[in-house]
Amino acid sequence: MPFSTWILFGSSQRTRECFDHHYNGVESPHQINPFEVHVLLLDMAVASWRPYLIDLQDTISDLVIQLEVMLETG
Amino acid sequence: MVSQSEKAFVMEIGEGDNFAEMYTVDVQDYQNLKETEDRATDVLLCLDSTLDTVSTIKDMYRRAVFEPDAPSEEHMEDEILFALKEKERDIAYSRQKVLSLLSKAQNTRALVGLASTLFTYPTSNSLGFIAS
């Protein structure tokens, strides 16, 4: 199995923790499939959108309800 | 006066002249909705870009691991491929969610814009229809 070398610049605390947790579970980093790192990074990217999307949903819903109520009731 | 100048007052012509029965739309709320709509558009762009990245990685993985004449990867058991497809589904779901929110915001903004236009040109008697 080929292996790859990754150099991360300015990685977040969560990224470091995730990598540490992942690498602690294997005997040697060479055992890891190079594509696993891609999946790991994508997983973190997708997960980091969730709180933002929840906030966006709440903001839009609040504003829409507020404007609709204004239009309906005056 | 300053407080009133930040609101759009909409009143139904010919349906009573009680000022308390008018419709008010806060300009700040309207602007907030526009800004949030812009945020949603940016999110959509980022999600599209991430989806494209996943698709490229999946393609690279397929080329690196599977033989060129291998059957479709749909029939293959592979953890990496499974995880990549799962990410694709996650992102596509988030994308649909943002599209739905964007549509909701755009429709509401269009409705408010229409009400404001009718206020500027108060010749129509259709505000009751808009409010309903």
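Just so you know, these numbers use all the heavy atoms, side chains as well, and skip hydrogens, waters and symmetry mates. Since we're looking at a predicted model, the values are computed, not measured. Just so we're on the same page: letters track the sequence lines, and every chain starts at 1.
Open room surrounds CZ on B/F82; 12 or fewer heavy atoms of other groups in view lie less than 6.0 Å from it.
Taken together through direct or relayed side-chain contacts under 4.5 Å among Ile, Leu, Val, Met, Phe, Trp and Tyr, B/L33 and A/I54 form parts of separate hydrophobic clusters. Hydrophobic clustering (side-chain heavy atoms under 4.5 Å, transitive across Ile, Leu, Val, Met, Phe, Trp, Tyr) groups B/L47 together with B/L99. B/Y93 and B/I91 sit in two unconnected hydrophobic clusters of ILVMFWY residues. Membership requires side-chain heavy atoms under 4.5 Å apart, directly or through other members.
Once rounded to the nearest 0.5 Å, the distance linking CG of A/N33 with CD of B/E79 reads 9.5 Å. We find the NZ-CG distance between B/K97 and A/L53 to be 6.5 Å, quoted to the nearest 0.5 Å. Remark: B/D42 CG to A/L56 CG distance equals 10.0 Å, nearest 0.5 Å.
The shortest non-hydrogen separation linking B/D90 to A/R50 is OD2-NH2, 3.6 Å. Shortest non-hydrogen contact noted between B/V43 and A/Y52 is CG2-CE2, 3.2 Å.
Considering only heavy-atom pairs separated by less than 4.5 Å from chain B, the leading option among A/V46, A/V39, A/L63 is A/L63.
There is no contact between A/D62 and chain B, counting heavy-atom distances below 4.5 Å.
With contacts defined as side-chain heavy-atom distances shorter than 4.5 Å, the pair B/I57/A/L42 qualifies.
Checking each of B/L81, B/I80, B/D78 against A/F35 for a side-chain contact (heavy atoms from CB on, under 4.5 Å) leaves exactly one that passes, namely B/I80.
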**OP:** Take B/Y61 and A/H38 through the side chain to side chain contact (heavy atoms under 4.5 Å, CB included) test and state the conclusion after the steps.
**Re:** CA-CA 10 Å; B/Y61 182 72; A/H38 284 287; over 6 Å; no
